[in-house]
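Chain naming here is simple, since letters A, B, ... match the order of the sequence lines and numbering starts at 1 in each. Note: hydrogens, waters and symmetry copies are ignored here, and every other heavy atom, side chains too, is used. Quick caveat: nothing in here was measured; it's all calculated off a predicted structure.
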Protein chains: 2
Amino acid sequence: MGKAGLPVSPLAPARFPDLPVIAGIDFASAAAGVKYQGRADVTLIRIAPGSTLAGAFTRSSTRAACVLDNQAKLAQGGDAPEGAAILINSGNANAFTGARGQQSVDAVCAAVAGALELPQGRVFTSSTGVIGEPLPHDRIVGVVDDLARGLDAGGAAGAARAIMTTDTFPKGACAEAGGIRIAGIAKGSGMIAPDMATMLVYVFTDAAIPAALLQQALSAGMDGTFNAITVDSDTSTSDALILAATGRADAAPITDLDSPAGRDFVTALHGVMRDLAHQVVRDGEGATKFVEIAVTGAADDADAHRVAMAIANSPLVKTAIAGEDANWGRIVMAVGKSGAQADRDRLTIRFGDMVLARDGWRDPGYDEAAASAYMKNEDLRIGVDLGLGQGARTVWTCDLTHGYIDINADYRS
Amino acid sequence: MGKAGLPVSPLAPARFPDLPVIAGIDFASAAAGVKYQGRADVTLIRIAPGSTLAGAFTRSSTRAACVLDNQAKLAQGGDAPEGAAILINSGNANAFTGARGQQSVDAVCAAVAGALELPQGRVFTSSTGVIGEPLPHDRIVGVVDDLARGLDAGGAAGAARAIMTTDTFPKGACAEAGGIRIAGIAKGSGMIAPDMATMLVYVFTDAAIPAALLQQALSAGMDGTFNAITVDSDTSTSDALILAATGRADAAPITDLDSPAGRDFVTALHGVMRDLAHQVVRDGEGATKFVEIAVTGAADDADAHRVAMAIANSPLVKTAIAGEDANWGRIVMAVGKSGAQADRDRLTIRFGDMVLARDGWRDPGYDEAAASAYMKNEDLRIGVDLGLGQGARTVWTCDLTHGYIDINADYRS
């Protein structure tokens, strides 16, 4: 069972990966009773002196206090000569909490800065949970000293569990490239928003890399990973990704992303990001199918993204997938409503390797029985070629089931 | 029970209204077995010589053949000196059917033109049902002579039933203004698309009014009525509204929409359109709540529309309403993701007359018990003031329930 008492997603990986220790990164988790009882709900991550930092955050105009605080601090630069820390709580989002929200952030950051002897400007926070309730920050401050004493390089798996809310499994991924290690943890049941379903991601590497290049490597990976997933089209007030590089690897510093070592690092980093993003979709609330939607032949990449997201967010497409119904007419509908340039008579639609529709009409070789059989798979691939240009984009989503309604129609009370 | 065997929506009006006869308009319905068996599925509407016509259609880029045909014919002008006709079938959308789609439209229009002695360019068609299947137009052509013989000025209620697909109740509305009568029928379970849930609307009046003014009166009403409703954010390939004015009323012709008679007519027309639009939402698939979302204080009307639709289409807002959960945090989330200009600290949120949040924070007088009690109502009103400018827009939607999943996860097969 997941933390919220939900059965583990049928799409969950077989097991949590063996994350490598990243030299210079330590984790600790504790139970502060922010909202949940009897489970760890606060995590502290210490990042060694000399590390560099990068981040990516929600574009919501109603961003939570901690997100605004993180953004302001990273805007001062990504270097951490004296080290840095991240403190994460689940159970309360500290969002839409007015001026009190920032006061809570300041109180938590001051406590962590004191305990770890860090400048307060290098202490970052994330909060995930209910919106609009004041954060009981005293409970968090009360466990900071315990957390500081418990810091451990092997604590990543415990941290991945402590940050869960409606997640049904902890999420981790790792990679190695040219002697450099990368390890990340995430929580989230989609882009799906607020209350208890924010997406939080923390990725660490022992690479030595300047902060500006680290941010560039991170930003270049967002469109193909976390910005290419959706569970229900709702965007959290609190989504955050923080990436830290400790420079402790036995490998030369990366000074150019286009060098062989730079390219290997970027590829490995984006692989970890994609893996975590897919795990978030695989834990989409109520999900029973993992769906890749690959759009090609669009006028440009932006149009391809528009079409892919229109399909991925369509309740009618998602319910058809839930019902294992090869209802490609709903794909046609979603293309039509997307706002992207499209020509009905150039459209090709594939499920897996099967061509269902071509040139604005059902393919002559269309086989309803084969299409229906394909829909029984747990992992599905929908291909749409618009026949217009070179624009392409792939996104990932899940189906829309009774489980989603169960989880969201009433869990706040 | 509705036509598809679904229980009638709890939000349905008590009864179908007594629609007045509109002089010059006759209706007939028949069972052609296009897809359904044992029920009327084809409707013919005859519009008298000398009438004027106007229309509004889906903006989908994968529009059905009949929609493209109607648009081409209306582009030639809205006068019908020799009369006009509309033929509607349910059970098959004739959408994404390539060149064959237009051939089917032509075959049906030729049969109707022959039976009623009309120019083919004044015969309009609508098809609603499964996408991508060839329309068995011979079955429709086979009942055209029977339909022509059965035309009857009192047949509107029968027509409203014959055009139903997943609808659970027939939809009609009427008004009178200065001796002019207006009557309309509609089908649809939302903007919800394709297969069997297209929205079709037919409105008739005995007003004498030039085609250009009729189109202007219609277009002016769309933003506040049919473009202000949503069930699930999906847009049909086939949505169509046709308005005909027969000029048979005992009232002076309307030559100026800004005259007292013109204003009365426009107000009455928009009232009928709004009534029908609301009935479509009240029959939203699986709906148990009718929700008005009124956004004020936006930077402009376009931003107000963006915020209102972001709330109305949010699966998390809609499931919270289904669960009667006063989860106003999800409203904050939807405002944040809308893309409209918003300032967290100026936001006010009301449920009915209750202020829940003000100035970026829960209202000091917030009463959880009262908010929860309000959510038990069948008709709800959510008010959002952005505190920025004069932009305002009101839209209507329904909740997202298990019924929606039941209806859409598998009804094609």
Side-chain angles (χ1 to χ4, degrees), chain A residues 58 60-63 93 95-100 130-133 192-195 232-237 313-316 319-320 322-325 327-330 332-338 340-345 347 357 359-362 372 400-402 404-405 408-410 412-413, chain B residues 58 60-63 93 95-100 130-133 192-195 232-237 313-316 319-320 322-325 327-330 332-338 340-345 347 357 359-362 372 400-402 404-405 408-410 412-413:
Chain A
T58 180
S60 168
S61 64
T62 53
R63 286 191 284 284
F96 209 65
T97 45
R100 290 202 225 179
V130 177
I131 284 184
E133 303 277 341
I192 168 171
D195 280 4
D232 58 3
S233 81
D234 278 339
T235 306
S236 170
T237 54
N313 282 324
S314 161
L316 286 173
T319 47
E324 301 187 335
D325 177 8
N327 196 327
W328 58 272
R330 294 183 181 178
V332 174
M333 173 284 298
V335 172
K337 77 161 182 170
S338 69
Q341 193 187 326
D343 178 343
R344 190 192 61 188
D345 296 338
L347 204 54
D359 304 334
W361 174 237
R362 198 168 63 189
S372 294
L400 173 57
T401 69
H402 285 292
Y404 182 86
I405 310 284
N408 287 300
D410 191 26
R412 196 187 59 146
S413 30
Chain B
T58 179
S60 168
S61 62
T62 53
R63 288 192 283 284
F96 210 65
T97 45
R100 289 201 225 179
V130 177
I131 283 183
E133 303 276 342
I192 169 172
D195 280 4
D232 58 4
S233 81
D234 278 339
T235 306
S236 171
T237 55
N313 283 324
S314 161
L316 286 173
T319 48
E324 301 186 335
D325 177 9
N327 196 326
W328 57 272
R330 295 183 180 179
V332 174
M333 174 282 300
V335 172
K337 77 162 183 170
S338 69
Q341 192 186 325
D343 178 343
R344 190 192 62 187
D345 296 337
L347 204 53
D359 304 333
W361 176 236
R362 201 169 61 186
S372 295
L400 173 58
T401 69
H402 285 292
Y404 182 86
I405 310 284
N408 288 300
D410 192 26
R412 197 189 59 146
S413 29

Original post:
Can you tell if the side chain of A/V335 reaches within under 4.5 Å of the side chain of B/F96, non-hydrogen atoms only?
Top reply: no
Original post:
Say you draw a straight line from CG of A/N313 to CG of B/N313; how long is it, rounded to the nearest 0.5 Å?
Top reply: 10.5 Å
Original post:
Of all residues at least two apart in sequence or in a different chain, which pass the salt bridge (Lys or Arg N to Asp or Glu O under 4.0 Å) check with B/D345?
Top reply: none
Original post:
So which part of A/S338 gets closer than 4.5 Å to some heavy atom of chain B, the side chain, the backbone, both or neither?
Top reply: neither
Subject >> Under the salt bridge (Lys or Arg N to Asp or Glu O under 4.0 Å) test, residues paired with B/D343 that sit two or more places apart >> reply: B/R346
Original post:
So how far is it from A/I405 CD1 to B/T401 OG1, rounded to the nearest 0.5 Å?
Top reply: 6.5 Å
**OP:** Heavy-atom pairs under 4.5 Å with chain B are the metric here; pick the option from A/Q341, A/E324, A/H402 that has the most.
**Re:** A/H402
**OP:** Provide the closest heavy-atom pair for B/Y404 versus A/P315 in the form atom of the first, atom of the second, distance.
**Re:** OH-CB, 3.3 Å
**OP:** Using non-hydrogen atoms and a 4.5 Å limit, figure out which bit of A/A340 sits close to chain B: side chain, backbone, both or neither.
**Re:** backbone
